[in-house]
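Each remark here refers to the structure printed beneath this line.
Order of listing sets the numbers, starting from 1, for every ligand and every atom in it. All values below come from the heavy atoms of this structure, side chains included, with hydrogens, waters and symmetry mates left out. These figures come from a predicted structure and were not determined experimentally.
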Amino acid sequence: MIDIYLREEFYAYDAFHITKAFFPEEEIKQHIGEEREKLLVIEKEGAPLVELDEAELESLSDSVLKKQKKSFVNKKIYKELCKYTGKELAWGILTGVRPTKLAMKKVEEGCTDAEAENWFRENYMVTKKKAALSVEIAKREKALLERLDYKNGYSLYVGIPFCPTICSYCSFSSYPLHEWKEKVDAYLDALCKEITFVGKVSKDKKLNTVYIGGGTPTTLEPEQLDRLLTHMESTFSYEDLQEFTVEAGRPDSITREKLEVLRKHHISRISVNPQTMQQKTLDVIGRKHTVQDVVDIFYMARELGFDNINMDLIAGLTGEHLSDMRHTLQQIRELSPDSLTVHSLAIKRAARLGRTEGYREQISEAEELSQMIELAAEYAKEMDLFPYYLYRQKNIAGNFENVGYAKVDKAGIYNILIMEEKQSIVAVGAGASTKIVLPKGKEIPDQKTGDLKNIVRVENVKDVKEYIARIDEMIERKGEWLWR
Ligand code: SF4
């Protein structure tokens, strides 16, 4: 058990997340506002690991902004915990999930690579390797995003929250199709109504990218897919559309007929996601398809003319080791997808380990996971796939990241937009979260922190039945922000 004693709530969020990154398996309790001699104390089983006196902060000049004081506190925690654990965190004191957004600022300010990397290292204590990766990706993102007109453009996300079965590690709100089959048409009715509304109020805007995700969009029957895509075609102008992705996802949901429907509607990018090419793992994680299904569907899509296919992999699935990852990557290399996204499943792995093994073993497991991620990067390079987007997960053991790699000109623009938060993304469907980027000078206070921000989120209800029943309310909520 770790206790964090803090006089001010202002430092609490970062103190918690930095400590958690060092001790993912430990329960952490925060005591805010308690009368203690020190400004901050972090204890493990009652023994102090970090102590910070008010005087240390007072030595900073009065003109130092609160934000810089926070940075001082964070660095102090980080250095002390590095000393105690004997390890460094790849992403240093960075607690946010979008490192490239920070790197992008520096790139846009005209910094050289070295300047941007040094700034990243000094301010966030990230390793040289991660600083270089972030700057490399930011530069690539910048080049891709320059094609877009943020001010007049927007992107659209359409959510289909059904899956053939539910994977054991699923953290999305998805519903098993066999239990919800009867509701799918009613869901599509509501979805089309929401789409009609968005189309109507967005007539003066340019639609730049569309992403149909979920869940698994290809759980829809061919006629249902056709109905949805036809409705979208009659609602929006695709004149400025740069990318249309359908996350076909699970091979057990894809058929030739469905792929033909996608081709008919000019879908430019699809995902066929194996997650792993180990049959033993697929069997235990609840995905009812075989490795051969992945291969067959991939080649079927190629044969039908899809020239931008993404594949998702997960490092750290139950029972997998470095050799499994290598074997998976060898098979992926044979297929040669146009992009590859590598996720790390560190949270659940750590939780599982936390129940059964000691701290040292957990570190070595985290090291193996790190090696899997490195191996994926090596194979991606061999396949001529370059890193083009990156995000981190909260509370991730070992502080790992998820990286998207793509061939030149095959990067998923929508993925970059999600990370960089430069363009509004209007999201329709159950559980979909619209993100509106307000025009310059129109910031609003964040409900939690009170800080001014230029992003407004409008969330739809997650429950499918609620979504259908309350569709008019969902539309009304969106209407309050589109396009103020
Ligand atoms: S395919 Fe994705 S959304 Fe569906 S159950 Fe598996 S993890 Fe969840």
Set out, in order, the CA-CA distance, both residues' side-chain angles and the distance that settles side chain to side chain contact (heavy atoms under 4.5 Å, CB included) for E88 and Y78, then state yes or no.
CA-CA 9 Å; E88 286 186 342; Y78 181 74; 3.7 Å; yes
Can Q423 and S155 be said to form a side chain to side chain donor-acceptor pair (under 3.5 Å), step by step?
CA-CA 7 Å; Q423 188 184 63; S155 287; 2.9 Å; yes
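With a heavy-atom cut-off of 4.0 Å, C163 touches ligand 1 through its side chain alone.
Counted by atom type alone, D185 and Q224 present one or more donor-acceptor pairs between their side chains at under 3.5 Å. In the model, D338 has no side-chain atom that pairs as donor or acceptor with a side-chain atom of N308 under 3.5 Å.
For G215, the heavy-atom gap to ligand 1 drops under 4.0 angstrom.
Between atom 1 (S) of ligand 1 and the options Q275, E247, R250, the minimum heavy-atom separation is to R250. Counting heavy atoms only, C170 comes closest to atom 7 (S) of ligand 1 of the residues G286, G214, G213, C170.
Among all non-hydrogen protein atoms, the one lying nearest atom 5 (S) of ligand 1 is C167 N, 3.3 Å.
Taking every non-hydrogen atom of Y169 and a distance limit under 4.0 Å, the qualifying atoms of ligand 1 come out as 7 (S). Within ligand 1, the atoms closer than 4.0 Å to a non-hydrogen atom of T165 are 5 (S), numbered from 1 in the order shown.
Classification of the Y391-H343 ring pair by plane angle, with boundaries at 30° and 60°, yields perpendicular.
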